[in-house]
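Report on the following structure.
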Amino acid sequence: MTGRFGEFGGQYVPELLMPVLQDLEKNFNKLKRNAAFKTQLEKYLSNYAGRPTPLYYAKNLSKKFGKAKIYFKREDLLHTGAHKINNTLGQIMLAKHMGKRRVIAETGAGQHGVATACAAALFGLKCDVFMGVKDMERQKMNVYRMQLMGANVIKVDSGSGTLKDAINEALRDYAATYKHTHYVIGSVVGPHPYPRLVSFFQSVIGKEARKQILKEEGKLPNYVIACVGGGSNAIGIFSGFKNDKKVKLIGVEAGGYGLKSGMHAARISNGKKGILHGSLTYILQDKEGQIKETHSVSAGLDYAAIGPEHSFMHEMDRANYVSITDREALEAFNLLAKTEGIIPALESAHAVAYAKKIAGNCSKGDIILINLSGRGDKDVEYIANIVKKKRGII
Ligand SMILES: *Cc1c(COP(=O)(O)O)cnc(C)c1O
């Protein structure tokens, strides 16, 4: 069935939205085969966003971790600081093609909001970004960046005032304004066709990485590791290796204070099947099916649902899902900065921390490829504060 990954995914939305999603799907399917569109997107991805991103052999870190060779796919070097721009450029060009005059987006930490605001400025579209009141306080700098690029940041104070509430508001707005508005979803979540659409735009990561590692090493990696919030950077890099059965794919969820504490965002390790934001997938919910509060030191991983394709890859045993605690992620953040001079996003630090756990058991010459989804500039102030408060945590 289209729009499903096994039983996962689907379109659990009010009837009102069905024609809108069908129209989006039709336009996307037409456009993704259009040579002129592809050429134009490639041009912006390279000249504006900074693709292809390099593949970097982290020699110092490899030595520290043990026998495996650690490679980074450097999505952290992209314009606006993370992989998000691969998707927002694609979706905004699609919106423009569909004759939309306005885009809306949800944002948690602000990275997707910033990447949407920047692409909207570039293509001359009005841009409204929904953001939870709590996140606006935590990420003041990103609020200001969005405003500098001409976006209007709309404060959401319903619910817990975080990402899931911002998505609720964005979906509500979309149902009323779709005639002239496109909703730019920031990850491989939400109702069909969004998970496929976002995966399509992020697949450039995997395509490049596969070519680059073959050129560099003459063989495929043993492991590909990525952090998983909604799951778009992971799906992006996994897509390049999905059909190479020998390559082990590992998605790292936020373990927060540890799975036993209940303060985490480990949907696959600790959640159940359910429906959130239009999609059937693994989610964190209570006995009544109400969405649980989640916690992670990294706002980008702090979401109660995982993209439906990940739920499917988990059930098919094609990818393995693990979790890393806040503390382990902070240690990896610090280690990468000290050994390689790279300050990663706290999200990406989760992937690095898991590589540390498996590198010791690797054979000499094994290759671990980590998707470094973003840079840590956005996290520096936060880190400085916790170092001040709890001396010695990192
Ligand atoms: C948003 C974000 C994530 C999480 O989103 P995915 O859709 O799971 O990729 C991970 N890393 C960074 C740097 C981000 O900004």
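In listed order, ligands and their atoms are each counted from 1. Residue numbers start at 1 and run along the sequence shown.
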Considering the heavy atoms of [X], write down every atom of ligand 1 situated less than 4.0 Å from one of them.
| X | result |
| --- | --- |
| N233 | 6 (P), 8 (O), 9 (O), 10 (C) |
| G229 | 8 (O) |
| S187 | 6 (P), 7 (O) |
| G374 | 13 (C) |

Short N/O distance, under 3.5 Å, between [X] and ligand 1?
| X | result |
| --- | --- |
| V228 | no |
| A82 | no |
| A345 | no |
| K378 | no |

Would you please classify the geometry between the [Y] ring and the [X] ring as parallel, tilted or perpendicular, with 30° and 60° separating the classes?
| X | Y | answer |
| --- | --- | --- |
| Y303 | H277 | parallel |
| F312 | F5 | tilted |
| Y56 | F72 | parallel |

Problem - Structural part of S232 in contact with ligand 1, heavy atom criterion under 4.0 angstrom - result: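 Both backbone and side chain.
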Problem - Region of H112 engaging ligand 1 - heavy atom pairs below 4.0 Å - result: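 Within the 4.0 Å criterion, H112 makes no contact with ligand 1.
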Problem - Shortest protein heavy-atom distance from atom 12 (C) of ligand 1, along with the residue and atom involved - result: S373 OG, 3.5 Å
Handout entry: atom 4 (C) of ligand 1 [closest protein heavy-atom partner, distance rounded to 0.1 Å]
Key = G300 O, 3.3 Å
Practice task
Measure centre to centre between the rings of Y44 and F123, then say whether the value is under 6.0 Å.
Solution key: yes
Practice task
For residues Y321 and Y282, establish whether the separation of their ring centroids is below 6.0 Å.
Solution key: no
Practice task
Closest by any non-hydrogen atom to atom 2 (C) of ligand 1: pick that one out of H310, K84, Q111, Q202.
Solution key: K84
Practice task
May I ask whether A234 has any heavy atom positioned less than 4.0 angstrom from an atom of ligand 1?
Solution key: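 The answer is no: ligand 1 sits nowhere under 4.0 Å from a heavy atom of A234.
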Practice task
May I ask whether E75 has any heavy atom positioned less than 4.0 angstrom from an atom of ligand 1?
Solution key: no
Exercise for the section: Give a yes-or-no answer on whether the side chains of R102 and T181 include a donor-acceptor pair shorter than 3.5 Å. Expected result: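 Note: R102 and T181 side chains meet the donor-acceptor criterion.
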Ionic contact status for [Y] with [X], cut-off 4.0 Å:
| X | Y | value |
| --- | --- | --- |
| D244 | K246 | no |
| R196 | E25 | no |
| K273 | E7 | yes |
| K84 | E75 | no |

